[in-house]
Amino acid sequence: MRFLIPLGVFLVMVIFLAIGLSLDPRNLPSPLIGKPAPTFQLSKVEEPSQALTPESFRGRVILLNVWASWCVSCRQEHPVLLELAQRQEVPIFGLNYKDQLTAARDWLSKFGNPYEASGFDQDGRVGIDLGVYGVPETFVIDKKGLIRMKHTGPVTPQALEKDILPLVERLKQEP
Amino acid sequence: MKTLILLLTLTGSSALFATEIRSFADPDKAARYDRLIGELRCLVCQNQSLADSDADLAQDLRNEVYEMIAAGQSDAEAIRFLTDRYGDFVLYRPPIKPTTFLLWGGPLLILLFGGVMAWRYARQRKPQPLSPLSEADQDTLERLKKTSG
């Protein structure tokens, strides 16, 4: 019976270490969930004379996708966003984070533009207000302008079908 | 020349190169800024503080902290600015609240557990009955008593 105690301690350690290994340290809970999206006024990448503000999507459930032409994982998620845009289930807005205007526009014309509009956040201030720490990041914003979900890292088809789109459908039912 | 290069290599630390040079009119603000960026975590290189990290975001956040401190805002306001956006994760010293009770209390719990185990172990150990001295040992003892007395 004496061996039971060290065995128990060992098993508890194994369980905790296994949980620790399976967690993604980059996936941090955002304190912004349930809070209003920060206000901003940015010029549009596609048309710099026009402004993109939260008013542009007030009253609609939207995805706000943070991207940059220098971001490798953004290339990876890009086909997923393009396909989603074609399905017209939910409008996608972009936040072009710490990029060069010409590079961003080249990127969109080269790979396709899934965004209804992208705001040009050159100094990353809006990114900081959104708590962005790793591009790409995607926010689900409801009709009242509240942030309801944050997805860190590239949007995968699985994440879309399992988490993001079901939430979007639910939020569309809300007044 | 070689000595100079060696000296420069040995004295310059990477942390020194990571941060830009800041000037404050008030030395107290400079000290607060240095302490704050040493205590806040960079979200990109998660095991480095804002002071140590070379990441782009760390530089931006140092800028934010610098501007807030230079503008006369308090440490609490600067910390609040970051936790409102990035959560308690940016703090190397998280606040004590229900979700962090285990984190803060854990070491104490382990100490208590170890203490209880040690106490139980010590109590379980019964004193061994002494075996009586043999004839020869008894003689030696008597002899020693005489010589020392």
Side-chain angles (χ1 to χ4, degrees), chain A residues 1-2 4-6 8-9 12-13 15-16 19-20 23-40 64 66-73 95-100 121-137 139 146-147 149-150 152-153, chain B residues 20 37 40-50 53-68 71 77-92 94-95 97-100 102-103 106-107 109-114 116-121 124-125:
Chain A
M1 287 313 260
R2 286 184 64 84
L4 276 181
I5 292 173
V9 171
V12 168
M13 276 175 69
I15 291 167
F16 273 93
I19 294 172
L23 289 175
D24 180 3
R26 299 198 56 84
N27 213 354
L28 304 172
S30 171
L32 291 166
I33 306 296
K35 304 238 172 76
T39 53
F40 57 83
L64 180 64
V66 185
W67 66 280
S69 67
W70 47 262
C71 153
V72 182
S73 327
L95 181 74
N96 182 232
Y97 179 69
K98 301 196 82 168
D99 211 344
Q100 304 290 325
D121 184 24
Q122 189 167 26
D123 55 10
R125 281 289 178 112
V126 178
I128 289 180
D129 282 342
L130 276 166
V132 170
Y133 57 91
V135 198
E137 290 185 10
F139 296 86
L146 303 178
I147 295 173
M149 181 189 168
K150 174 182 176 178
T152 309
Chain B
E20 47 290 297
I37 61 170
L40 294 166
R41 189 205 297 251
C42 168
L43 289 111
V44 183
C45 322
Q46 297 183 346
N47 288 331
Q48 287 188 308
S49 67
L50 287 185
S53 177
D54 228 352
D56 217 28
L57 180 66
Q59 198 183 330
D60 289 352
L61 293 180
R62 283 198 298 270
N63 272 331
E64 296 288 334
V65 174
Y66 171 73
E67 277 167 24
M68 282 185 279
E77 280 170 314
I79 288 174
R80 178 87 193 281
F81 176 88
L82 289 168
T83 50
D84 276 354
R85 286 158 181 76
Y86 295 98
D88 289 338
F89 190 80
V90 292
L91 305 173
Y92 271 122
K97 56 185 191 182
T99 50
T100 58
L102 194 64
L103 180 71
L109 282 180
I110 292 171
L111 185 71
L112 270 176
F113 177 75
V116 168
M117 292 303 277
W119 182 69
R120 277 183 47 181
Y121 178 72
Q124 266 177 13
R125 270 182 21 171

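Since the structure is predicted, the reported quantities are computational estimates derived from the model, not experimental observations. Here is the naming used below: chain letters follow the sequence lines, and residue numbers restart at 1 for every chain. Below, each value reflects all heavy atoms present in this structure, side chains not excepted, and no hydrogens, waters or symmetry copies.
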Tell me whether the count of non-hydrogen atoms from other residues, nucleotides or ligands lying under 6.0 Å of [atom1] in [X] goes above 12.
X: A:L4; atom1: CG; value: yes
X: B:Y121; atom1: OH; value: no
X: B:E64; atom1: CD; value: yes
X: A:I19; atom1: CD1; value: yes
X: A:Q100; atom1: CD; value: no

message = Is any side-chain heavy atom of A:L130 closer than 4.5 Å to one of B:R85?
response =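 Side-chain contact under 4.5 Å: no.
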message = Rounded to the nearest 0.5 Å, what separates atom CG in A:L32 from atom CG in B:D84?
response =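 CG of B:D84 is found 8.0 Å from CG of A:L32.
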inquiry  = Under 4.5 Å from any heavy atom of chain B, what part of A:K98 do you find: side chain, backbone, both or neither?
reply    =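 Just the side chain, heavy atoms under 4.5 Å.
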request  = Sort A:L28 into side chain, backbone, both or neither according to what part of it lies under 4.5 angstrom from a heavy atom of chain B.
outcome  =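 The side chain, not the backbone.
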query = Ignoring hydrogens and geometry, is there a side-chain-to-backbone donor-acceptor pair from B:Y86 to A:Y133 under 3.5 Å?
reply =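 A pair under 3.5 Å: no.
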Most chain A-contacting option - heavy-atom pairs closer than 4.5 Å, from B:D60, B:V90, B:L61, B:V44 =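 Ranked by contacts with chain A, first place is B:D60.
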query = What are the two closest non-hydrogen atoms of A:P31 and B:G87, and how far apart are they?
reply =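 Smallest heavy-atom distance, with atoms named: CG-N, 3.2 Å.
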